[in-house]
Amino acid sequence: MGMIFSLVAVIFLAAIAFMGAKLNLFGLFGVAIPYLAVLVFIAGFIRKVIKWGQSPVPFHIPTTCGQQKSLPWIKQSKLDNPSTTLGIIGRMALEVLLFRSLFRNLKTHRTDGGPVYGSNKWLWLGGLAFHVTFFVVFIRHLRFFTEPVPAWVNTLDVVDGFVQVGVPHMLITGVVLLAAATYLLLRRIFNPQVKYISLPADYFPLFLIIGIAVSGILMRYFIKVDIIKVKELTMGLATFKTTVPDGIGGIFFIHLFLISVLFAYFPFSKLMHLGGVFMSPTRNLANNSREVRHINPWNPKVKLHTYEEYEDEFREVMKSEGLPVEKE
Amino acid sequence: MRIDRRKFLKLAGCTGVGLGLSAADIFKDTVEASSGHSAVSTAATRYAMVIDIRKLQTAEDYQRIVDACDKIHNIPTLIPEKGNPKHEVKWIWNDTYGHSFPDQKNFYHPEAFKQKLFPLLCNHCDSPPCVRVCPTKATFKRPDGIVQQDMHRCIGCRFCMAACPYGSRSFNFVDPRPFIKDKNPEYPTRSMGVVEKCTFCSERLEKGEQPACAEASNGALVFGNLNDPESEVRKILKTNFSLQRKPELGTMPSVFYVIGGEEYAG
Amino acid sequence: MYNGGKIIAGLIIFIALVTFPFYTNMGKTIEKPADPTAAADELHIGNVPIGQMRAEHMMILDKWRDEVVRGGERFITFDGDQYEKSIQNGCLACHSKQDFCGKCHNFAGVNPYCWNCHYSSEEDQL
Amino acid sequence: MRIGLLLSEKKHEIAKTWFDLIVETYPQDTANFLKTQKNRFGNPVGFTISEGIDAILGELSGELDLARVSPYLDNIIRIRAIQDFTPSQAVGFIFLLKKVIWEALASEIRKNQLFDELLVIESQIDQLANVSFDMYIACREKIYKLRANELRNRTSRILKMSNMFKDTEAEEKDTAGF
Amino acid sequence: MAIKPKPNELLSGINYKPPLKQWMDEPVEFKKGYYCYGAKPKNLEYIGFPNGREWNSSEQDWKLVDNWKEIFLEGMENLLKKFRSFRLFMDICVRCGACADKCHFFIGTGDPKNMPVLRAELLRSIYRRYFTVAGKLGKIAGARDLTEDVFKEIWYYYYQCTECRRCSVFCPYGIDQAEITMMGRELINLLGCCTDWISGPLANCYRTGNHLGLQPHTIKSNFDYMLDDLEEHTGVRVEPTFNRKGAEILFVTPSADFFAEPGVFTCMGYLLLFHYLGLDYTWSTYASEGGNFGLFTSNEMMKRLNSKIYAESKRLGVKWILGGECGHMWRVLHQYMDTMNGPADHLEAPVSPITGTRFDNAKSTRMVHIAEFTADLIKNGKLKFDPSRNDNLNVTFHDSCNTSRGMGIFEEPRYIINSVCNHFHEMPDNTIRENTFCCGSGSGLNAGEIEELRMLGGLPRAHAVKYVKEKHGVNMLSCICAIDRAVLPPMIDYWMPDVGVCGVHELVGNALIIPGEKERENNLRGEPLPGMEEKGEEE
């Protein structure tokens, strides 16, 4: 249900952009909406992160996934159970860059010879491929927003097209991105557990990203657009001297509009895990809570049952058993 | 012969299979074919080169030939003090009798003959093993017998180098451009990571010219159509005794060495 | 805000990354490369309209390359003249690499690997 | 027994159908999970059922030895006894086997007139069902006993607070309460 | 054909294939044996909790106060402001499903709402509806109204979570269902809907210092009885002190250790060890509970109960504190105590009086885990063992959730076990250490009325034990957690009899050679030692 809804929503959005291009609403779809989307993205992102920041981390609750630091002769697991800032940086780097936790994913299989333990790395692989390629694709697009194009962007493009297949040469990341996003989608459709937990908010961004990737790939290889005009438009956006060259082609406006929707949708959705992963208190705290005192800013004043009250209640029986008391 | 992209990708996927091929597999059917001395190209054209070793006397005779090729094809020169011998790129080069004809078991060849150098180049075999092993079909045999290589398609796997029994192929371990002495602006260079070899100057043939080496050899190197009984190469081969390199491998080389005889006597 | 220093530092880095295109181009005015003067529907060598040539030249070059290397068809006749299907001896005979190819390619950040092998006479220390 | 032969020939198919039918006695989401996750430690329920099925079918094909098959049957019943089934639901899965066997072998049985042998197999299945009822009751009794122990622990604690510890010490066994 | 059976009819009572609805449309069904009794008003009143009343969780009407919804939402807003973890975990879940099959309750029951992600969604749907912009769109945004049924659903499933944190290990963002469960339970407690099993020990602990409500004299007499036993088995008379001022060390352990089997045997182990070392230490009757049910209730209650340990250490003037084997007790001591009731300036950084080792990892909290303490003693060669006394045991080790994933104490207990036993076998890889399976009864779920749920929750653990039992003949499951010691025996008893449960220090007590002891014929349980069976029979 949620899937159909999301699919229809994305198709509808693409149709809007296409109609916009047909109606020559280039100013709206080429300038106004992208600006608005970036504005909403940045403002919304900051607002959300600050909202998180306004809540303190009252307690020190890292999830420890390895041996703690204790006696000097016991080998500490410094990355899975860090006790120093360096360790945390390592743990967070592993988490953010290599998806350490997903790497642990388990699935065990029954064979005739008994159970065989195996890790289940497909989600890790799919997730990592998706995120890494998305990032590279994002960076690659800087060639539309810089003039002259920095050498490192060009280099990235060359490396990405390393296999030199096809004309214009195929960029690996684009293909992998589409494949990985499709895998993540199929998983939601065919894995009964994941299907059960999926909400429209899970399908929508996937369809949106698939739509963006497909329109981008179409534009590069099949339905050509005038790339010089595209860059004229994007540089106009980047320099705040907007121009709207005509004759770019509807597919570009579909691409651009879907990206705008993704940007604007970002801060209000689960996509905020981009910022959230850095702030997760079960990951970004050192397991040194017995070594260094962690402060709770709202440490509450609570009613206690003091020893005096306790002794008052039980003094006689304590004395009868010979237990020492404060007041005779 | 045009290979579309899809076909190419499919072929590229087979690269791994290519890795599993052993040399025995590569030569198996060629050896069988050669034993009968029967399988000979029946196409209208089969380009060949006849090298009359008698006409090469001075060091200059040899060097002129190599230089002509190097210059015209932008072949990088190995700088001895800097260069790794592995980095040498050669289309046509000279080597000793022993290296050129290791299969010749005749100890009684004239000593002077055995002292000579022999110009070596791609044999443009009629049954080329390098074509068979190429996973991307970058190396292919043209209808006119020239074993050609599409540089754009070469992925530098070097299977062909392993397969070639004549060492006629070179790999660009480094960017060749800084090592090119005299640049020929009309001919491209190669990039790092591709294999290259002699092309029988196919670009010159199309313009009606002779291969550069033949042109520079003062008649020692003769180029022509082996399948044309009237061609000069056939005439020379008909009247002179000649050798092919490693004929027992069944690759059927298109380069012949006229060795003569009496002039070595005494 | 709690852990404000770290959070704000993180946010600044993030915003700096995201707004990179804006501040890096601050105050610039970007001129797109001038269009080649020929009209889009005029024919180019190979009987291809100039407009199509602009969009699809890479595919046409790819096709020509196969024809030359694989088929040995090195020449193309156009308007009664013969032209060589070659970047070095064909394209660059009329067009300048720097001015003609380079301008748009650099502007769009498209890096073909033609130049790895094919010389242009105006550079490469020739 | 010819039917035994048929059973072992079609064992794989029968096992699969029976497994699916048993699993379908669970709510669908649970069923999907049990079906797709065939691993022993990750999914002990599915594993226990499929292991038990294999063992029971193996026994039916030959002579039914209750002593051999009981542990496997017990493993399944032990789980179903605490899964919020009524007693008939908890052990009724045994009878599903009759349906499965009939559907898998009907044509062969008709063709070869093996109804007598089918009756033997069915009575073996009835036997299994009987044993299962016993096992079910034993499991429930065990649960009640464990629960009663804990209840007694609770009362004994109250006794303890009134310092009558020594009188109740004999009952202080099993579970402490946390 | 008359003989064609129709066995399906036998099972007509079973709901075969319910239409596949979205989970939000699936109303909660309270299954017998899967939920606890409600808290009694007198217990809630004693600890000052609001909205206590006579109510029954199995009845339709929970007698919630009229403005329960406002209380719940206000409480939620308050928690969102106080806990970054809560707000973050409500926002960033991508529902990747990595946690889904990691929960022992999901594995055991197959109930999809026991997938950690969905258990969290129960609360997240409320968060979206009332605290986010998009949530105003309703169901399409994954939001839903807070109704009494929704509240009951949260209650039902938040008391089917043992806060074991296994899901958190696998979550790419470290989302910890334990943390979310704690928040949910705080909200539940605002409405007086705690379970009886938790509120009882809470009130007891608040009043008497321990969950069982043992009064000081009872503790003392209970100990005397245990010491008699100990003397009988070892010939050593141990004389522990209570509430003694000026001792160097205060020892705190879960009260179950000096009351319940098999905890008492672990306690005997401590007593023998301390006696052997001549340790200058004391027990306390005021802070006689290491465990802390506040962890399962609210952070404030946790603080109130925990405060007794520092208060008592200050009153007695000890230098540092040693803590016994317990799971959630150590979660509190390790991650919460110093923050809540510190700084412990009246104490000194702990130094082992026997080996001189400084426990730098505990230099602020000043409380050391006994496994760290003992491992250090063994490493320095201060203890003499006869491991053959444990030769009748094939031991495996169950990592307790809280000490594993909230502390990371893995090697110390293993080092100790390997020093005192000759036969140790690990359970399969992915069921131990940080991947350990819960006993199924933690976080206040060891109530008798949910025996069925607990048995199912413990099933994954039981199967791993069964595996090593069949493979290596394991007959003793050791652990460092009092809840494990209490609940694993019946759980194991149900799934596969003949595997015992013990604390690590029971094994230490058995193997420790004490000067002046008689020739040991029995272990601490009074059972004959290996090689002594004959003798036992003769007598």
Side-chain angles (χ1 to χ4, degrees), chain A residues 38 41-42 45-46 49-58 138-150 153-158 161 164 166-169 221 224-241 243 245 263 274-275 278-279 281 284 295 297, chain C residues 1-36 40 51-66 101-117:
Chain A
V38 171
F41 173 70
I42 292 176
F45 197 100
I46 294 175
V49 171
I50 287 184
K51 195 103 184 167
W52 290 334
Q54 281 168 343
S55 301
V57 179
F138 188 79
I139 297 292
R140 253 191 12 227
H141 277 71
L142 277 178
R143 71 187 171 109
F144 292 106
F145 295 95
T146 47
E147 179 57 36
V149 181
V153 176
N154 281 330
T155 308
L156 190 65
D157 198 79
V158 170
Q164 300 189 342
V167 181
H169 55 236
Y221 304 100
K224 305 272 182 198
V225 294
D226 190 330
I227 198 173
I228 300 299
K229 285 183 183 161
V230 169
K231 181 147 187 192
E232 200 184 345
L233 187 148
T234 54
M235 285 313 297
L237 291 174
T239 54
F240 299 106
K241 289 164 188 156
T243 54
F263 266 62
L274 167 65
F278 292 95
M279 294 174 74
N284 70 8
I295 307 292
Chain C
M1 197 153 60
Y2 302 92
N3 316 100
K6 283 177 196 160
I7 292 173
I8 287 172
L11 270 178
I12 288 174
I13 292 171
F14 177 75
I15 301 301
L17 289 175
V18 172
T19 56
F20 173 76
F22 296 111
Y23 58 79
T24 193
N25 289 309
M26 199 74 84
K28 281 190 204 164
T29 305
I30 304 300
E31 292 292 331
K32 71 162 178 170
D35 272 334
Q52 194 187 339
M53 198 72 189
R54 193 181 302 155
E56 296 178 2
H57 61 280
M58 62 303 247
M59 283 134 112
I60 291 166
L61 285 175
D62 186 48
K63 185 165 153 272
W64 283 356
R65 175 247 281 179
D66 275 348
C101 310
K103 272 193 180 157
C104 286
H105 272 273
N106 292 341
F107 184 67
V110 178
N111 308 284
Y113 46 88
C114 309
W115 314 111
N116 291 358
C117 299

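Labels below follow one simple rule: chain letters A, B, ... track the order of the sequence lines, proteins then strands, and each chain is numbered from 1. Every value quoted in this text rests on a predicted model; they were computed, and no experiment measured them.
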S.K.: Measuring from C/N3:CG to C/I8:CD1, what's the distance to the nearest 0.5 Å?
M.R.: 11.0 Å
S.K.: Name the member of A/D226, A/N154, A/I227, A/V149 that forms the most heavy-atom pairs with chain C at distances under 4.5 Å.
M.R.: A/N154
S.K.: Can you tell me how far CG of A/L237 sits from CZ of A/F144, rounded to the nearest 0.5 angstrom?
M.R.: 12.5 Å
S.K.: Measuring from atom NE2 of C/H57 to atom NZ of C/K63, what distance do you get when rounded to the nearest 0.5 angstrom?
M.R.: 15.5 Å
S.K.: Checking C/M58 against chain A: side chain, backbone, both or neither under 4.5 Å from a heavy atom?
M.R.: both
S.K.: Under a 4.5 Å cutoff for heavy-atom pairs, which residue among A/V57, A/V158, A/I46 has the most contacts with chain C?
M.R.: A/I46
S.K.: For the atom pair CE (A/M235) and OG1 (A/T146), what is the distance rounded to the nearest 0.5 Å?
M.R.: 6.5 Å
S.K.: Is chain A contacted by the side chain of C/K32, its backbone, both, or neither, given a heavy-atom distance below 4.5 Å?
M.R.: side chain
S.K.: Tell me, side chain or backbone of C/N106 under 4.5 Å from chain A's heavy atoms, or both, or neither?
M.R.: backbone
S.K.: Between C/T19 and chain A, which part of the residue has a heavy atom less than 4.5 Å away: side chain, backbone, both or neither?
M.R.: side chain
S.K.: For C/R65 and C/D62, run salt bridge (Lys or Arg N to Asp or Glu O under 4.0 Å): C-alpha distance rounded to whole Å, both residues' side-chain angles, the deciding distance at 0.1 Å, then the answer.
M.R.: CA-CA 5 Å; C/R65 175 247 281 179; C/D62 186 48; 3.1 Å; yes
S.K.: Contact part of A/S55 toward chain C, heavy-atom cut-off under 4.5 Å: side chain, backbone, both or neither?
M.R.: backbone
S.K.: Between C/F14 and A/F41, what is the ring plane arrangement, given parallel below 30°, perpendicular above 60°, and tilted in between?
M.R.: tilted
S.K.: Measure A/F278 against the heavy atoms of chain C and call it side chain, backbone, both or neither at under 4.5 Å.
M.R.: neither
S.K.: Can you tell me how far OG1 of C/T24 sits from CZ of A/F145, rounded to the nearest 0.5 angstrom?
M.R.: 13.0 Å
S.K.: How long is the span from the NE2 atom in A/H141 to the CG atom in A/D157, to the nearest 0.5 Å?
M.R.: 10.5 Å
S.K.: Could you have a look at A/K229, A/H169, A/K224, A/K241 and say which one has the most heavy-atom pairs with chain C under 4.5 angstrom?
M.R.: A/K241
S.K.: Using heavy-atom distances under 4.5 Å, tell me whether A/I50 contacts chain C through its side chain, its backbone, both, or neither.
M.R.: both
S.K.: Please classify the contact between A/V38 and chain C as side chain, backbone, both or neither, with a heavy-atom cut-off of under 4.5 Å.
M.R.: side chain
S.K.: With only heavy atoms counted, which part of C/Y23 is less than 4.5 Å from chain A, the side chain, the backbone, both or neither?
M.R.: neither
